[in-house]
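Only one structure is covered here, and it is reproduced in the block below.
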Amino acid sequence: MSEQIVVSGKRVSGRLHIGHWWGAIRSWVQLQNEKQCYLGAMDWHGMTSEYKKPSEVSHFVRENIAEYIACGVDPEKSVIFVQSQVPETLELYMIFANLIPMGWLDRVPTWKDAEEELKQKEMHNLGRFAYPVLQAADICIYGGQLVPVGQDQVSHLELSREIVRRFNFLYKGKMPEPKPYLTDTPLILGIDGRKMSTSYGNGIYLVEESEKTLRKKVNMMLTDPQRARRENPGEPTVCPVYKTHKLYSSEEDITWVETGCRSAGIGCGDCKGRLADNIEKIMNPARAKKTELLSAGSNLDAIIQEGCEKARAQAQKTLRIVRSAMKWNS
């Protein structure tokens with residue numbers, strides 16, 4: 001049996017935050033040891049919202065990829081590519097765009113739920129509307145069979161599956177239907193208590209510039225409102241800081257937080273300080289690796305170029321199969 005192909009990527013719109021690790025990159029690091037992974041920096045997707053600042057998107061492509069590698073994605077095991085450097089994806093996108101009804105896109109939850117907000121943010125554009133079609137092309141151009149997603153994203157992947165079914169029905173093709181690879185994605189709260197999001201600007205970056213900036217952000221995190229004073233006992237399970245401890249701290253530290261918070265034996269500053277210590281232990285090696293990659297730019301550029309060449313080779317192979325199935329060789 002041939003090795004299963006995993007396709008995933010992150011939309012390039014700014015710095016990566018720790019939510020990206022828990023939501024995607026962690027699973028990439030695990031999967032690359034057992035499957036063939038194509039992992040992209042999705043800059044065309046980023047341009048659907050950041051089209052007024054294309055130079056920033058270009059800047060963050062390199063930074064995002066440096067952080068992929070710094071956090072454990074291995075270019076020797078995974079194909080790391082830049083979406084816009086594989087133009088074959090756009091040809092498959094156009095093929096898909098011509099064979100699906102408009103109604104399929106109208107019912108996409110992320111479009112319906114956010115349509116008014118998108119208008120206000122000047123993101124009510126064709127690229128954003130057709131985002132799921134390009135997403136399907138991103139997956140299928142590499143013959144993707146598994147796509148790491150959280151439970152809340154399964155419905156989005158289903159549209160890609162429907163597109164593949166329609167292609168196979170119309171052209172008697174054998175394009176594989178991508179299946180979800182379900183990940184256990186915890187809800188990561190930002191420093192303002194809302195879901196951590198690049199658009200909210202409330203994230204702790206995946207690789208903070210320094211330990212000082214990390215501690216500053218952790219100190220800004222909201223805590224249990226019952227603990228208005230140091231001597232007030234609290235309930236850690238309602239505290240965003242405690243929820244982040246559950247991700248980064250040892251059982252011993254978690255017990256220390258639970259006991260100390262409920263008895264008012266520790267203050268919120270003590271709790272945040274311990275959390276920052278534990279995040280920094282993990283972040284410091286990644287920071288050093290990212291700095292090394294960006295300072296020796298030619299090495300990173302070589303990794304990106306090699307990944308894009310491998311991705312294009314697979315994409316060209318897929319297009320030959322697609323064109324043959326369609327009996328279209330113009």
Side-chain angles (χ1 to χ4, degrees), residues 2-16 20-21 23-47 50 54-93 134-149 176 178 181 206-207 286 288-322:
S2 60
E3 189 176 30
Q4 285 185 305
I5 296 174
V6 174
V7 180
S8 190
K10 296 306 301 178
R11 178 171 171 267
V12 180
S13 59
R15 295 279 301 276
L16 298 174
H20 293 124
W21 165 259
I25 300 172
R26 175 181 57 151
S27 68
W28 300 353
V29 174
Q30 296 166 346
L31 286 167
Q32 68 183 351
N33 293 314
E34 54 194 64
K35 303 184 188 303
Q36 175 62 68
C37 295
Y38 287 82
L39 307 173
M42 303 309 203
D43 51 345
W44 276 325
H45 286 308
M47 284 289 286
E50 307 305 317
S55 62
E56 290 191 17
V57 174
S58 297
H59 166 78
F60 284 119
V61 163
R62 296 184 78 259
E63 184 159 326
N64 286 181
I65 290 178
E67 291 182 345
Y68 292 177
I69 298 168
C71 290
V73 175
D74 187 345
E76 297 297 320
K77 297 178 180 178
S78 299
V79 177
I80 304 171
F81 66 92
V82 181
Q83 184 187 33
S84 65
Q85 297 304 305
V86 187
E88 291 77 10
T89 308
L90 284 184
E91 182 171 340
L92 187 58
Y93 163 74
L134 181 55
Q135 193 171 52
D138 289 326
I139 297 166
C140 296
I141 199 69
Y142 305 112
Q145 296 159 289
L146 294 177
V147 181
V149 293
Y181 179 87
L206 185 60
V207 181
K289 180 64 174 177
K290 176 187 173 183
T291 300
E292 176 189 337
L293 285 164
L294 291 176
S295 61
S298 59
N299 292 341
L300 179 60
D301 292 338
I303 289 171
I304 294 172
Q305 181 178 346
E306 182 179 359
C308 291
E309 288 173 356
K310 289 179 179 178
R312 284 204 71 182
Q314 179 59 42
Q316 289 164 358
K317 178 181 177 182
T318 298
L319 272 186
R320 286 195 293 271
I321 295 170
V322 166

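Remark: the Ser78 side chain and the Trp28 side chain contain no N/O donor-acceptor pair separated by less than 3.5 Å. No donor-acceptor contact under 3.5 angstrom links the side chains of Lys10 and Asn64, judged on distance only.
A heavy-atom distance below 4.5 Å is found between the side chains of Ile65 and Val82. Using a 4.5 Å cut-off on side-chain heavy atoms (C-beta onward), Pro148 and Leu31 make contact. The side-chain heavy atoms of Asp138 and His45, taken from C-beta on, include a pair separated by under 4.5 Å. Side-chain atoms of Ile25 and Leu16, non-hydrogen and from C-beta on, do get closer than 4.5 Å to each other. Between Lys77 and Cys37, the closest side-chain pair of non-hydrogen atoms is not below 4.5 Å. With contacts defined as side-chain heavy-atom distances shorter than 4.5 Å, the pair Glu50/Glu56 does not qualify.
For residues 293-303, the salt bridge (Lys or Arg N to Asp or Glu O under 4.0 Å) pairs, not counting sequence neighbours, are Arg62-Asp301. For residues 308-322, every residue pair satisfying the salt bridge (Lys or Arg N to Asp or Glu O under 4.0 Å) rule, not counting sequence neighbours, is listed here: Glu88-Arg312, Glu306-Lys310.
Pairing each heavy atom of Glu3 with each of Glu34, the nearest pair is OE2-O, 3.7 Å. Minimum heavy-atom separation, Ala41 to Val12: C-CG2, 3.7 Å. Nearest heavy-atom pair, Thr318 versus Cys140, reported as atom, atom and distance to 0.1 Å: CG2-O, 3.5 Å. Here the shortest heavy-atom pairing between Leu92 and Ile141 reads CD2-N, 3.6 Å. The two residues Arg15 and His20 make their nearest non-hydrogen contact at O-CE1, 4.3 Å. Between Ala311 and Val79, the shortest heavy-atom contact is N-CG1, 4.0 Å.
Of the possible polar contacts, none joining the Ser27 side chain to the Gly23 backbone as a donor-acceptor pair under 3.5 Å is found.
Under the side-chain hydrogen bond (donor to acceptor under 3.5 Å, both in side chains) criterion, Ser84 pairs with Asp43, not counting sequence neighbours. The ring-ring contact (aromatic ring centres under 6.0 Å, His included) test applied to Tyr142 returns Tyr38, Phe81, not counting sequence neighbours. With sequence neighbours left out, Asn299 forms a side-chain hydrogen bond (donor to acceptor under 3.5 Å, both in side chains) with no residue at all.
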Donor-acceptor pairs under 3.5 Å, side chain of residues 66-76 to any protein atom, not counting sequence neighbours: which ones?
unit_1 : atom_1 : unit_2 : atom_2 : d
Glu67  : OE2    : Lys290 : NZ     : 2.8
Tyr68  : OH     : Gly40  : O      : 2.9
Asp74  : OD1    : Glu76  : N      : 2.8

